[in-house]
A.B. asks: 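Here it is: the structure, laid out below.
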Number of protein chains: 4
Amino acid sequence: MLHLTISQGDGVPIYLQLVRQIKTLIATGRLKPDGELPPVRVLAQQLVLNPNTVVRAYRELEVAGLIYKKRGAGTYVSSEVTPYTDAECRRILAERADALVVEGLNLGYDEDKLVALLRERHKTLRRDAPDEEGA
Amino acid sequence: MLHLTISQGDGVPIYLQLVRQIKTLIATGRLKPDGELPPVRVLAQQLVLNPNTVVRAYRELEVAGLIYKKRGAGTYVSSEVTPYTDAECRRILAERADALVVEGLNLGYDEDKLVALLRERHKTLRRDAPDEEGA
Amino acid sequence: MLHLTISQGDGVPIYLQLVRQIKTLIATGRLKPDGELPPVRVLAQQLVLNPNTVVRAYRELEVAGLIYKKRGAGTYVSSEVTPYTDAECRRILAERADALVVEGLNLGYDEDKLVALLRERHKTLRRDAPDEEGA
Amino acid sequence: MLHLTISQGDGVPIYLQLVRQIKTLIATGRLKPDGELPPVRVLAQQLVLNPNTVVRAYRELEVAGLIYKKRGAGTYVSSEVTPYTDAECRRILAERADALVVEGLNLGYDEDKLVALLRERHKTLRRDAPDEEGA
DNA sequence: GTGGTCTAGACCACA
DNA sequence: GTGGTCTAGACCACG
């Protein structure tokens, strides 16, 4: 039973809310490699969503290499890290890093303060994870 | 002359990019209370946008109480705007940092690799940043 | 089928006429909580307006908390709208009455002439009013 | 010294605010026939307005026949009631009456309640006037 | 199907 | 000069 919360009226597309939350669950190890995700219909019913919305979220996650489908069986968390090349990974992360840096500059955070913040958030997110056995 | 950057194809509506950037400029004091904003047409031309897009951004900011308009005169920064507190700055940046960490974990970047990337992007962005000579 | 009337050339922006009339319909209960409003395109066609004009009216009503939108589904009346109190109704109408009295005094109409005019207009408007058979 | 209040940011054009308030002052007798109005520049300075705005308000009032100018002397309240024909007066007032009736219908006021309200507002506005000598 | 965004460009109201 | 409104019509995102 996944703990997912969606908010209908906040502008962020529902499928994106799903994608982000599942990404976080995977990143922090709360969803284990080869663990099973709920069937589309079950999740849709549980969250009172249009099944197509869940389908779309799962598809995005599959494209990103984070989950995979076994025909007739179900949907599972990938055990491989990522299907992206090193360069692609770098580009994706550089974009997010840039967002952080720009906002930081505007709010008066210099490089060292940003790094400190990043390290702290990293530890916090990892600490929330249940175990480290998969690493 | 405002330093605003808009990216055309990234999903975030242009008017929202404007709203957020101007919000930040006001919150950080780079736009002073009762300071004048560029006329709609000027900003539109400068950013190669349709004036209506700027109009919409300005209207949202006005509704939010951040700016006000004097009929026939121009657009100005409200004087009673509460700038961000330290805690608010932190919360905003922590959100962005989390996005970076989660994505990094899923793509196989550990803490040190993320920090290295962040430092590098910081330096790159600083170098590209426009000088403040115009002020 | 909503009964909305817009007048093209009277100085009041069309989107504002829409906002006011829909506000009134909601405040008086003619539009029920969680009731569905006509789709933008439908209302635009019905009133011979540009869809964007309707979009703007709906957006203002949404900002005001009177209606909400479900993505991809439609537009609905908020359920927590506080209808007008008797005092509010009275205040609104007193304002309009004052406008009539002031103009009347300046144009040489005494109280009885104004009342006669009001009664006559009332009868005329009631006769022109559409029946409520569609409900 | 006229008691006029203008609000810069409420959407109603400043010149219109002036027109309405002066109309009311005349209708209720607080400005007497042949009484003098402040010179444009004085009123503009007093209210911190662009003189052109005051000029426009005075022009509208002059067109409506409520004030007249003596060249080189000043601006005065008309002693004649109105330059409009009976039909014109009727049309103007019918419009205002319609606004009242329509709003009233929407708010649940029937004909008699509207008439009662109108009579009451009439008395209230006249009572606020200083004297009845001009009648 | 729904609403959301954007552009292009006209015309108006205000100070 | 300023901002405000409206139209026409394209294209996108969402469910």
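All chains are named by letter (A, B, ...) in the order of the sequence lines, taking the proteins before the strands, and each is independently numbered beginning at 1. Values below: all heavy atoms of this structure, side chains included; hydrogens, waters and symmetry mates excluded. Just so it is clear, the structure is predicted and the values come from calculations on it, not from any experiment.
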A.B. asks: With a non-hydrogen cut-off below 4.0 angstrom, is D:Leu49 in contact with a base, only sugar-phosphate, or nothing?
C.D. replies: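 Contact class for D:Leu49: none.
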A.B. asks: When you match D:Leu16 and B:Gln8 each to their closest nucleotide on DNA chain E, which lands nearer the 5' end?
C.D. replies: B:Gln8
A.B. asks: Taking the nucleotide of DNA chain F with the nearest heavy atom to each, does B:Ala73 or C:Tyr15 sit closer to the 5' end?
C.D. replies: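 So the residue in question is B:Ala73.
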A.B. asks: Between B:Lys70 and A:Pro13, which residue's closest nucleotide on DNA chain F lies nearer the 5′ terminus?
C.D. replies: B:Lys70
A.B. asks: E:dG4, F:dG3, F:dT7: which one has an atom nearest the side-chain heavy atoms of C:Ile14?
C.D. replies: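 Among E:dG4, F:dG3, F:dT7, the one nearest the side chain of C:Ile14 is F:dT7.
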A.B. asks: Would you indicate what A:Asn50 reaches in the nucleic acid, counting non-hydrogen atoms under 4.0 angstrom: base, sugar-phosphate, or nothing?
C.D. replies: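 It contacts sugar-phosphate atoms only.
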A.B. asks: Could you verify whether a donor N or O on one side chain and an acceptor N or O on the other, from D:Asn50 and D:Tyr15, lie under 3.5 Å apart?
C.D. replies: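 D:Asn50 vs D:Tyr15: no donor-acceptor pair found between side chains.
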A.B. asks: Out of E:dT2, F:dT2, E:dG9, which nucleotide sits closest to the side chain of C:Arg41?
C.D. replies: E:dT2
A.B. asks: Starting at the 5' end of DNA chain E, which residue's closest nucleotide do you reach first, D:Thr53 or C:Gly72?
C.D. replies: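 Nearer the 5' end of the strand: C:Gly72.
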A.B. asks: Considering only E:dT5, E:dC14, F:dG4, which nucleotide approaches the side chain of D:Arg56 most closely?
C.D. replies: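 That would be E:dC14.
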A.B. asks: Are a donor atom and an acceptor atom from the side chains of A:Tyr84 and B:Asn106 found within less than 3.5 Å of each other?
C.D. replies: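 Not at all, the side chains of A:Tyr84 and B:Asn106 share no donor-acceptor pair under 3.5 Å.
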A.B. asks: Is the distance from OP1 or OP2 of F:dT2 to the nearest side-chain N or O of B:Thr75 less than 4.0 Å?
C.D. replies: no
A.B. asks: Compute both the distance and the angle, then confirm whether A:Lys70 meets the cation-pi test with A:Tyr76: under 6.0 Å from the six-membered ring centre, within 45 degrees of the axis.
C.D. replies: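 Yes, a cation-pi geometry.
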A.B. asks: Could a donor-acceptor pair under 3.5 angstrom be found where the side chain of C:Asn52 meets the base of F:dG9?
C.D. replies: yes
A.B. asks: Kindly check if the number of other-residue, nucleotide or ligand heavy atoms within 6.0 Å of CD (A:Gln45) is above 12?
C.D. replies: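 Not more than 12 within 6.0 Å, no.
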A.B. asks: Please determine, for E:dT2, whether a Watson-Crick or G-U wobble partner exists with both distances under 3.5 Å, and give it or none.
C.D. replies: F:dA13
A.B. asks: Verify the contact: side-chain N or O of B:Lys69 to OP1 or OP2 of F:dG4, cut-off strictly under 4.0 Å; return yes or no.
C.D. replies: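 Yes, within the criterion.
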A.B. asks: Return yes when atom NZ of D:Lys69 has more than 12 non-hydrogen atoms of other residues, nucleotides or ligands closer than 6.0 Å, and no otherwise.
C.D. replies: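 Enclosed.
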A.B. asks: Of all the nucleotides listed (F:dG15, E:dT5, E:dC14), which has the minimum atom distance to the side chain of C:Arg71?
C.D. replies: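 Closest nucleotide among those given: F:dG15.
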